[in-house]
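A short worksheet on the structure shown next.
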There are 2 protein chains.
Amino acid sequence: MKTIVERKLVKGAAAPPAAGRAQTEVQNEPMVDFIELFFFAYRDFVGDADRLLENYGFGRAHHRVLHFVSRRPGLPIAALLDILKITKQSLNRVLKQLLDAGFVEARPGAIDRRQRLLFATANGARLAQELAALQSERFRRVFGELPPDAQDAAADFLLAMVNSSDRERVRAHLSPRRRRRDEIA
Amino acid sequence: MKTIVERKLVKGAAAPPAAGRAQTEVQNEPMVDFIELFFFAYRDFVGDADRLLENYGFGRAHHRVLHFVSRRPGLPIAALLDILKITKQSLNRVLKQLLDAGFVEARPGAIDRRQRLLFATANGARLAQELAALQSERFRRVFGELPPDAQDAAADFLLAMVNSSDRERVRAHLSPRRRRRDEIA
DNA sequence: AGAAATATGTCAATATAGCTGACGTAAGAG
DNA sequence: CTCTTACGTCAGCTATATTGACATATTTCT
């Protein structure tokens with residue numbers, strides 16, 4: 001029986017079809033490097049935590065929720081949804097698992113009792129810290145290999161990459177030392 | 001006070017192991033900032049392309065395949081799997097759609113005819129370029145807002161973030177100008 | 001007070017992107 | 001001629017996301 005493979009193959013391998021391609025913009029070219037670098041860097045960055053999370057039966061979604069809840073104690077649901085840019089239905093499955101497992105807890109808001117404010121439990125904080133330690137190792141290695149000003153440069157670069165609509169909010173949650181860096185603007 | 005800003009990489013120079021607990025504590029804190037910055041930066045970076053891809057009925061998976069096929073004409077399946085770190089079954093669904101849609105084509109290898117070498121078609125190259133242009137815009141804005149040396153600093157940073165096992169291969173695919181930057185072995 | 005808006009939960013159906021395991025086939029390598 | 005490699009494919013499963021509809025408190029507005 002003839003396979004689909006044979007049908008799809010183009011007979012007589014010769015020159016690539018789009019042979020004369022893409023000399024279009026010279027200034028465009030170097031940015032393609034960044035697209036690729038960013039992909040690989042992020043791929044390996046998240047890969048670290050993934051292995052640890054498996055031991056707990058959690059995935060990346062749980063990691064993100066736990067991270068932000070632990071970093072922003074008392075975070076309301078709506079704020080978390082806005083950070084993650086997902087729907088409440090998506091969040092709910094993951095959040096419920098974290099609540100059931102006792103890594104996160106929710107308390108009704110004191111001012112607005114419709115809100116459920118999220119907090120990491122002791123266990124949750126411990127796991128969050130374990131995960132952060134793992135990923136911090138990578139950053140520490142990286143900055144150990146680079147000149148001393150690389151940390152500030154990287155922080156500036158990453159912050160600039162964020163959509164301007166969210167940039168100030170992201171910056172507001174950096175540690176005070178780093179946040180102060182470009183308040184001179 | 002900093003004396004000289006050394007831009008060259010300190011290769012293989014093992015970072016000093018934790019000198020003291022107090023310092024570890026201090027160094028730990030800012031890294032959490034980077035974890036968060038990296039998340040937000042990547043979230044918005046990929047968000048750009050997602051909107052364009054919807055018009056074609058494609059997702060991120062298609063984007064990644066198209067990107068690497070277009071950047072590495074004649075890429076064999078196995079190499080693509082290794083780059084993406086996914087299984088062939090996962091790749092196959094996505095790749096088949098790109099083949100059927102005429103954005104990618106496969107030719108048997110000239111040396112090893114078991115291989116299917118992947119190429120972007122003219123249409124595929126056009127879409128890849130459109131996507132790259134979109135994402136390049138963000139980088140161009142970012143580097144427009146930062147000092148002139150930020151571009152090299154960002155490239156060094158991102159490359160250092162990649163697992164050492166893949167770093168040389170990633171670097172080998174950078175544009176020659178950038179690749180030459182730290183060939184000082 | 002009553003209506004409207006808000007914050008959240010939930011049910012159902014669906015899409016996408018990944019996975020493991022098992023099996024098949026053509027072609028290179030020993 | 002066997003073994004291995006490079007790939008395709010079937011089947012079934014999981015994780016993460018989506019849209020749409022509806023329910024329930026609680027706050028806010030008129």
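Here is how names work: the chains are called A, B, and so on, in the same order as the sequence lines, proteins then strands, and each is numbered from 1.
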Do [X] and [Y] sit within salt-bridge range, that is, some charged N less than 4.0 Å from a carboxylate O?
| X | Y | result |
| --- | --- | --- |
| B/R140 | B/E145 | no |
| A/D166 | A/K85 | yes |
| A/E36 | B/R64 | no |
| A/R141 | A/E137 | no |

Any donor-acceptor pair under 3.5 Å between the side chain of A/R113 and the base of D/dT26? no
Quick one: the side chain of A/R114 and the base of C/dT6, do they pair up donor-acceptor inside 3.5 Å? yes
Using whole Å, report how far [atom1] of [X] lies from [atom2] of [N].
| X | N | atom1 | atom2 | value |
| --- | --- | --- | --- | --- |
| A/R93 | C/dA13 | CZ | C1' | 15 Å |
| A/L95 | C/dT10 | CG | P | 10 Å |
| A/I83 | D/dA17 | CD1 | P | 14 Å |
| B/L118 | D/dA6 | CG | P | 15 Å |

Nearest heavy atom decides the nucleotide; on that basis, is B/N92 or A/Q97 closer to the 5' end of DNA chain D? B/N92
Select from A/D112 and B/A78 the residue whose nearest nucleotide in DNA chain D is closer to the 5' end of that strand. B/A78
Presence of B/R64 side-chain N/O under 4.0 Å of C/dT16 phosphate oxygens OP1/OP2: no
Atom pair CZ (A/R178) and CZ (A/R171), whose distance is rounded to the nearest 0.5 Å: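 Answer rounded to 0.5 Å: 12.0 Å.
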Would you tabulate the side-chain donor-acceptor contacts of residues 90-97 of chain A under 3.5 Å, counting partners in other chains and residues two or more places apart, or write 'none'?
from: A/S90; atom 1: OG; to: A/T87; atom 2: OG1; distance (Å): 3.1
from: A/Q97; atom 1: OE1; to: A/H62; atom 2: NE2; distance (Å): 2.5

Return a single string for nucleotides 19-24 of chain C, one symbol per nucleotide in 5' to 3' order, where B is base contact, S is sugar-phosphate-only contact and - is none, cutoff 4.0 angstrom on heavy atoms. BBBB--
Candidates D/dT9, C/dT6, D/dT16 - which lies nearest the side chain of A/V94: D/dT16
Has B/R138 got its NZ or CZ under 6.0 Å from the middle of the six-membered ring of B/F45, at an angle within 45 degrees of the ring axis?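 No, a cation-pi geometry is absent between B/R138 and B/F45.
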Decide yes or no for A/R72 and A/I83: does some side-chain heavy atom of the first lie under 4.5 Å from some side-chain heavy atom of the second?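 A side-chain contact exists here, since the closest heavy-atom pair is under 4.5 Å.
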One pair to check against side-chain contact (heavy atoms from CB on, under 4.5 Å): B/M31 and A/Q151. What are the steps and the verdict? CA-CA 10 Å; B/M31 296 307 164; A/Q151 275 201 34; 3.7 Å; yes
Can you sort out which residues in residues 41-63 of chain B have a heavy atom within less than 4.0 Å of DNA chain C? Ascending by number, please.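 Heavy-atom contacts with DNA chain C come from B/G59, B/R60, B/A61, B/H62.
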